[in-house]
Asks: 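Please read through the structure below; I'll follow up with questions.
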Amino acid sequence: MLQGGQFDNMKDTQAYIERIRRVSRDYQRLELAVDKSLSSMLAGQAVLARRIEKDYEIQHWNPYLRELWFPVEILNSNIIVVEVPAATSYQPGQLLSLLGPIGKPFKFRRKLRNVLLIVYDTPPTSLLMMLPALLANDASVTMVLMGTACQYDTGHLPEEIEILHAEEDLSWQDMVMTLGWADQVFVLVGPSKELSNFADVMRLVRERRNDVPANYIFGVFQRQLPCAVGACYVCMLRSNAGAKLQCVDGPAFDLTTLHLEN
Amino acid sequence: MLQGGQFDNMKDTQAYIERIRRVSRDYQRLELAVDKSLSSMLAGQAVLARRIEKDYEIQHWNPYLRELWFPVEILNSNIIVVEVPAATSYQPGQLLSLLGPIGKPFKFRRKLRNVLLIVYDTPPTSLLMMLPALLANDASVTMVLMGTACQYDTGHLPEEIEILHAEEDLSWQDMVMTLGWADQVFVLVGPSKELSNFADVMRLVRERRNDVPANYIFGVFQRQLPCAVGACYVCMLRSNAGAKLQCVDGPAFDLTTLHLEN
Amino acid sequence: MVVEVTRPGKTSLLLSTPVMPAAGTVGFGDNYRRLVDYEKLGAIITNPVTIERWHPASGTRLAPLPGGILVHTGLPNPGLKSVIQQNRQVWEKLPIPVVLHLAGTSAPHMKRAGELIDGLDVIAGIELGLNDDIDEDEAFALVSAATAIEKPLLVRLPFYEACHLAPAALDAGADALVVSAAPRGTARDEHTGRLVSGRIYGPLVKPLVLRIVGRLRRQVPEEIPIIGAGGIHSPQDARDYIEAGAVAVQVDTATWAQPKMLERIARDLGGWIATRRKDALMDEWHPDMGQTEAAQRRNLG
Amino acid sequence: MVVEVTRPGKTSLLLSTPVMPAAGTVGFGDNYRRLVDYEKLGAIITNPVTIERWHPASGTRLAPLPGGILVHTGLPNPGLKSVIQQNRQVWEKLPIPVVLHLAGTSAPHMKRAGELIDGLDVIAGIELGLNDDIDEDEAFALVSAATAIEKPLLVRLPFYEACHLAPAALDAGADALVVSAAPRGTARDEHTGRLVSGRIYGPLVKPLVLRIVGRLRRQVPEEIPIIGAGGIHSPQDARDYIEAGAVAVQVDTATWAQPKMLERIARDLGGWIATRRKDALMDEWHPDMGQTEAAQRRNLG
Ligand SMILES: Cc1cc2nc3c(=O)[nH]c(=O)nc-3n(C[C@H](O)[C@H](O)[C@H](O)COP(=O)(O)OP(=O)(O)OC[C@H]3O[C@@H](n4cnc5c(N)ncnc54)[C@H](O)[C@@H]3O)c2cc1C
Ligand SMILES: Cc1cc2nc3c(=O)[nH]c(=O)nc-3n(C[C@H](O)[C@H](O)[C@H](O)COP(=O)(O)OP(=O)(O)OC[C@H]3O[C@@H](n4cnc5c(N)ncnc54)[C@H](O)[C@@H]3O)c2cc1C
Ligand SMILES: Cc1cc2nc3c(=O)[nH]c(=O)nc-3n(C[C@H](O)[C@H](O)[C@H](O)COP(=O)(O)O)c2cc1C
Ligand SMILES: Cc1cc2nc3c(=O)[nH]c(=O)nc-3n(C[C@H](O)[C@H](O)[C@H](O)COP(=O)(O)O)c2cc1C
Ligand code: FES
Ligand code: FES
């Protein structure tokens with residue numbers, strides 16, 4: 001079973017919204033002026049955010065828990081950028097409390113040439129932070145959008161990313177080739193039906209590729225995290241190596257080791 | 001006991017904030033674009049206000065109940081003006097749901113020459129709407145601020161109003177004269193300790209004036225009204241004429257007829 | 001749509017919509033007539049009535065809470081005889097059944113209530129409210145006494161003791177269970193600084209009572225209708241009660257916060273629901289508009 | 001400040017602050033060490049532990065509610081022996097007493113717990129959680145069995161049955177009552193569309209449990225300490241419990257929503273409260289800052 005884990009960088013700090021930019025029909029990006037400790041966050045790590053009112057008092061207990069935000073960019077040692085639905089209204093100058101960093105950075109293979117991102121019934125936001133680094137290292141990136149992810153407008157993403165839209169049966173053009181050619185695959189699904197969605201994707205992959213090696217395909221979890229410090233066990237997953245916590249050991253897990261039946 | 005009362009004008013209508021003006025250090029005035037039915041409100045009547053979110057959904061149940069707003073001015077058939085603490089932030093364009101009009105207009109004597117307003121531990125907002133009409137009819141108005149009401153900045157009130165600040169013992173300069181000279185007195189107290197505050201004022205008045213006639217001194221109640229239609233009985237008061245409801249029979253009651261002991 | 005909210009056999013209470021206001025929330029008559037279309041409701045449950053006149057509680061009656069309120073009115077009412085005299089005419093004009101909520105005080109009082117109510121056709125049923133401190137024997141005696149009133153008898157159970165008292169109420173002859181009364185609680189009054197007690201209302205009451213309804217649905221015989229009541233603030237809340245096994249629901253203080261929600265829930269569960277088309281004109285009906293407002297708009301338009 | 005949270009006579013549990021986290025909210029060890037200054041707390045209550053390993057509940061574990069949440073984890077834990085092995089060293093370094101929360105399963109399990117715990121000085125006390133469905137006889141038997149463990153014994157009562165089970169727990173030898181466990185409830189999971197059950201947390205739980213604490217305070221002998229737990233989200237909430245008769249309090253999911261609130265409440269009730277002067281410099285301590293952050297600011301400044 002698990003220990004508390006390593007939280008030696010985790011802090012509860014204040015941030016405020018420095019700037020708001022609309023990036024597409026449905027999404028806006030918030031530039032957050034943050035504590036320096038958050039500027040060393042890496043792709044895969046997240047913060048739990050909550051609006052705070054005067055004197056740190058919480059007046060509205062709805063939503064009760066913080067929102068999980070994976071930054072899409074670290075602008076400098078003071079500013080991190082998050083992407084959130086445009087439907088929620090924010091104002092520059094608004095105060096936030098940010099708990100983080102949460103979780104472990106994505107582990108990329110040494111010699112990474114081709115990365116496949118599969119995004120299923122969720123916006124791809126949580127995967128976006130890896131893009132600049134991958135592109136800077138000459139990796140090529142393909143992003144397959146499945147289900148409601150197809151509605152995500154990718155106009156503001158780097159041009160170098162190849163974007164594919166899957167069919168209703170989840171298959172896409174040149175699927176076998178893409179899967180064979182990828183050195184690493186990251187699968188992102190929405191928190192609704194996540195285990196069965198991961199299982200769907202694994203079935204798809206196994207049908208196309210007999211050998212699914214270890215450290216090849218990773219599921220990225222986006223559950224709401226009540227505590228984020230390994231205390232509440234709400235985010236617990238079962239794996240061949242015993243129980244795992246999204247907030248401590250995640251958000252990415254080798255899908256060949258997870259128990260995906262509910 | 002009481003019947004439901006007359007609610008034949010009461011409606012639940014939408015309004016939005018057309019304009020916001022800061023009128024003093026601590027108060028701002030909201031100009032509300034309202035349903036025409038509210039433009040016939042008279043001094044003494046109020047609305048219950050609640051912010052509404054998209055599609056009329058209430059998302060934040062805190063505060064649970066609506067706020068009681070006595071307009072300070074009816075600008076035209078479309079715009080009513082309310083005065084609220086500057087500490088709460090509002091935005092132009094914000095949607096509100098307004099339930100009203102609530103209660104009965106103040107009843108002024110036919111030949112009213114001198115009106116005394118006593119304001120104790122509350123801002124005088126709920127009495128302000130009567131001022132223009134009184135002044136237009138050549139009545140002279142004296143307002144005595146007591147307790148925390150002394151902190152209210154009266155700079156934006158009409159110059160013709162005589163403003164006095166009571167001492168800590170609640171007495172004020174020329175008290176006996178003011179009380180004798182007044183044709184009608186309206187006493188406004190905050191909802192905290194209202195009955196005992198009314199009792200304090202009545203004691204004060206009775207010490208200065210042996211005969212306190214009927215229809216001379218009125219207490220104006222500002223309790224939070226859960227239903228405002230005479231259904232919940234939270235706002236019930238006891239009087240010589242039986243039970244009375246602030247929301248139906250009020251907000252003003254002849255203080256000589258009310259039971260002010262708790 | 002016809003919903004039978006009483007067990008088969010005796011005089012039955014039939015509603016055309018499985019949604020009604022909870023006792024204590026809408027007064028004795030038609031106080032909400034300008035804000036709610038009564039035709040869309042299944043019934044009116046009156047404020048609680050006692051045989052003798054009760055005076056209002058003194059002191060704090062309302063304490064705001066985060067996400068809710070505490071209410072303590074002391075059940076003021078002029079006594080059953082006066083309530084009937086004062087409201088009979090209004091009741092006769094209401095387009096829906098009137099259910100009288102009787103505060104369950106004592107067996108002799110129930111007998112006296114029967115004398116006042118029997119023969120009064122305008123009262124379609126009785127909802128008997130059981131006090132929180134009552135034990136099983138007392139509940140049995142009180143409900144037994146109330147069955148002498150010749151009306152369908154709904155029994156409203158206290159929150160904490162709902163599962164304990166349900167069998168006694170049914171053995172004594174209750175035709176249906178209302179689950180439950182609002183839970184009692186204690187909070188600090190911000191004005192006086194003192195701890196005060198009363199009933200607690202707010203959306204977080206719903207998951208608590210919903211579970212009790214589910215348990216009781218499994219515990220009591222199938223033919224006993226259960227009416228769910230507690231923390232309903234949306235049509236979905238009401239539907240959750242139906243799924244948990246209730247045949248009908250009572251909406252409480254949501255009506256105060258947003259009167260049209262009562263009508264909206266009634267329209268939803270009553271099959272009246274209409275969703276405004278995206279391009280609908282202002283004079284078309286909107287779920288939250290209320291029939292009255294919609295009618296006015298049509299007349300104006 | 002020293003607060004005795006056990007009745008006089010037996011081994012006693014003394015806390016330097018009457019504030020602790022509730023079982024299930026802060027893990028088994030020091031998970032919150034970067035966010036909360038443990039020295040300011042009265043004790044740590046561990047997550048619930050069973051004798052055998054328990055696996056996590058499958059399916060929905062969390063459902064957001066208006067003003068609260070429903071949680072259902074299934075009490076996953078590796079079993080008492082492993083919990084001790086894995087956490088003993090951390091416990092030894094903690095500056096405050098560790099109270100082990102034992103899920104009350106069966107009398108033989110309690111015996112086995114005694115064998116594993118007795119002699120383990122690092123465990124300062126036991127909090128025994130009674131299941132919701134237990135009756136008075138079962139509660140008596142379970143608590144009796146647990147008294148064989150040579151530690152101060154706090155018994156955590158279920159919400160609905162708190163008043164019914166308290167006498168049995170005390171007769172069987174409980175040294176203190178924790179009132180209460182979070183209430184069970186039912187809500188619709190927005191992801192699966194199904195009704196799910198679990199425990200309900202949120203500020204509106206407080207007025208409900210506060211009333212139970214007040215009643216029990218009048219019901220049980222004066223020398224029995226009561227620890228208040230339920231819906232505490234602010235120092236004033238905690239103070240309300242003390243006024244209603246609790247000697248100490250447990251803070252539950254407020255810690256998740258705002259970790260520093262736990263420390264803030266502990267500082268307030270522990271007499272550590274400091275209010276920042278209006279013109280205070282950034283490096284001065286602020287009630288919500290947390291000791292660690294304050295220390296860092298001082299070091300940076
Ligand atoms: C939304 C809402 C819904 C309500 N639904 C109900 C309901 O279903 N049933 C109901 O009875 N009341 C109902 N009421 C009335 C509510 O129960 C009363 O307001 C409540 O019982 C009285 O609460 P209180 O806090 O005002 O005073 P209380 O403290 O409840 O009343 C004063 C005293 O009267 C006694 N008492 C209360 N009810 C009874 C009773 N039924 N029999 C004998 N003694 C009693 C209690 O001992 C109590 O101490 C409702 C009120 C509201 C606001
Ligand atoms: C904030 C917080 C505070 C908590 N405080 C306590 C506490 O004081 N005491 C406590 O026991 N747990 C406590 N827990 C743990 C909480 O009670 C467990 O999460 C809860 O008992 C299990 O709830 P669940 O909904 O996850 O699963 P449950 O449905 O409760 O657990 C699965 C099953 O285990 C059984 N079970 C649960 N508890 C016991 C028990 N004590 N004895 C025997 N069988 C049991 C029940 O039958 C239940 O059906 C707390 C959890 C949280 C998040
Ligand atoms: C039979 C009976 C008659 C009552 N009559 C009145 C009454 O006339 N006026 C009133 O305010 N409360 C009345 N009450 C309520 C009590 O005054 C008092 O509020 C109650 O007994 C104590 O409240 P509690 O049980 O909620 O603590 C009555 C209660 C009972 C049981
Ligand atoms: C003695 C006992 C052992 C249990 N062991 C486990 C377990 O290992 N894993 C688990 O998820 N739940 C365990 N549970 C909980 C059950 O799986 C199941 O959730 C519970 O009995 C039904 O939940 P309910 O009572 O809340 O409806 C256990 C319960 C008891 C009483
Ligand atoms: S979020 Fe609490 S253990 Fe992961
Ligand atoms: S506010 Fe409900 S009766 Fe007056």
Side-chain angles (χ1 to χ4, degrees), chain A residues 1-14 35-37 48 50 52 55-67 97 99-100 121 190-197 223-238 242-245 247-248 259 261-262, chain D residues 21 24-35 47 53 55-59 61-62 64-69 71-79 82-83 86-87 90 189-192 201-204 233-234 253-261 264 286-290 292-293 296:
Chain A
M1 199 87 166
L2 3 90
Q3 292 297 334
Q6 311 302 321
F7 305 103
D8 286 333
N9 296 316
M10 177 168 287
K11 282 169 108 179
D12 187 1
T13 57
Q14 272 190 66
D35 190 280
K36 285 199 177 52
S37 60
L48 281 186
R50 153 158 220 123
I52 46 179
D55 294 327
Y56 295 74
E57 287 298 335
I58 297 180
Q59 276 153 26
H60 298 293
W61 287 101
N62 197 12
Y64 190 77
L65 295 178
R66 291 158 182 257
E67 281 178 44
S97 151
L99 203 69
D121 278 356
S192 169
K193 300 195 291 174
E194 59 182 357
L195 290 185
S196 81
N197 283 1
R223 289 189 182 173
Q224 197 165 17
L225 303 175
C227 77
V229 303
C232 74
Y233 289 8
V234 165
C235 70
M236 192 175 272
L237 300 165
R238 287 185 296 149
K244 296 283 179 192
L245 295 177
C247 67
V248 176
H259 300 189
E261 67 289 1
N262 217 328
Chain D
T25 60
V26 298
F28 291 110
D30 61 350
N31 304 50
Y32 270 98
R33 70 179 171 283
R34 293 283 300 173
L35 301 168
N47 272 15
R53 161 190 298 264
H55 295 288
S58 58
R61 309 221 187 104
L62 180 71
L65 302 171
I69 44 171
V71 178
H72 176 83
T73 62
L75 293 175
N77 77 89
S82 304
V83 166
Q86 289 168 10
N87 294 285
V90 170
D189 174 37
E190 60 184 13
H191 294 317
T192 64
Y201 298 93
L204 212 57
H233 284 71
S234 71
T253 55
T255 307
W256 300 346
Q258 194 180 18
K260 283 168 189 162
M261 189 47 83
R264 189 177 172 191
H286 177 274
D288 260 303
M289 196 183 276
T292 29
E293 190 180 343
Q296 282 163 354

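In the text below, chain A, chain B and the rest are named by the order of the sequence lines, each starting its count at 1. Below, all heavy atoms of this structure are taken into account, side chains as well, without hydrogens, waters or symmetry copies.
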Asks: Which answer fits Pro226(A), side chain, backbone, both or neither, if we ask what part of it has an atom under 4.5 Å from a heavy atom of chain D?
Replies: both

Asks: Between Leu48(A), Leu237(A), Leu65(A), which shows the greatest number of heavy-atom pairs under 4.5 Å with chain D?
Replies: Leu65(A)

Asks: At what distance, to the nearest 0.5 angstrom, does CD1 of Ile69(D) lie from OH of Tyr64(A)?
Replies: 5.5 Å

Asks: Quick one: of Gly67(D), Gly79(D), Gly202(D), who has the most non-hydrogen atom pairs under 4.5 Å with chain A?
Replies: Gly67(D)

Asks: How many angstroms lie between OG in Ser58(D) and CZ in Arg238(A), if you round to the nearest 0.5 Å?
Replies: 6.5 Å

Asks: Do you know the tightest heavy-atom contact between Ala231(A) and Gly27(D)?
Replies: CB-N, 3.3 Å

Asks: Under a 4.5 Å heavy-atom cut-off, does chain A meet the side chain of Pro64(D), its backbone, both or neither?
Replies: side chain

Asks: Ignoring hydrogens and angles, tell me if any N or O in the side chain of Asp12(A) forms a donor-acceptor pair with the backbone of Gln258(D) under 3.5 Å.
Replies: no

Asks: Spell out, as yes or no, whether a donor-acceptor pair under 3.5 Å connects the side chain of Asn31(D) to the backbone of Gly230(A).
Replies: yes

Asks: Could you tell me whether the side chain of Pro259(D) reaches within less than 4.5 Å of the side chain of Leu99(A), counting heavy atoms only?
Replies: yes

Asks: If only atom types and distance count, is the side chain of Arg61(D) paired as donor or acceptor with the main-chain N or O of Met236(A) below 3.5 Å?
Replies: yes

Asks: Out of Arg50(A), Lys193(A), Gln224(A), which one racks up the most heavy-atom pairs below 4.5 Å with chain D?
Replies: Gln224(A)

Asks: Enter the distance from Thr253(D):OG1 to Trp61(A):CH2 here, rounded to the nearest 0.5 Å.
Replies: 8.0 Å

